[in-house]
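Structure, as structure tokens:
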Amino acid sequence: MWKWVVLVLVVMLGLMQYRLWFGEGGVREFNDIQARADTLEGTTDTLKARNDRLAAEVVDLKNGLDAIEERARSDIGMVRQDEQFFWVPGVDDPKNGPAASTGVVQP
């Protein structure tokens, strides 16, 4: 009689352990979800940093003319009226914009 009770309890314990480790909502699924959450958190941190940089740039562009002048110089190669523009053919650096190769000189 006690053998059967012990056997039934061991079988029930085994089934509960199986559900714990391999069943729905078990440890394996928890580890998978945790790994996905960690990946998404890293992506979120990267995007938050990018958004913070863009927000700071927007505030800078709204508040100061220096930032606007800097963007105009680097992106489209603008110069002021009191400056001289020298163009050197064959010198191109696309990652720094047109103003990088213009050789703008203050008089």
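No side-chain donor-acceptor contact under 3.5 Å links D60 to the backbone of A56.
A 4.5 Å side-chain heavy-atom check between K48 and T44 finds at least one atom pair inside the cut-off.
A search for side-chain contact (heavy atoms from CB on, under 4.5 Å) contacts involving L9 returns V5, not counting sequence neighbours.
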Indicate every side-chain donor-acceptor pair of residues 22-42 with a distance under 3.5 Å to a residue at least two apart or in another chain.
residue: E29; atom: OE1; partner: G25; partner atom: N; Å: 2.7
residue: N31; atom: ND2; partner: V27; partner atom: O; Å: 3.4
residue: T39; atom: OG1; partner: A35; partner atom: O; Å: 3.0

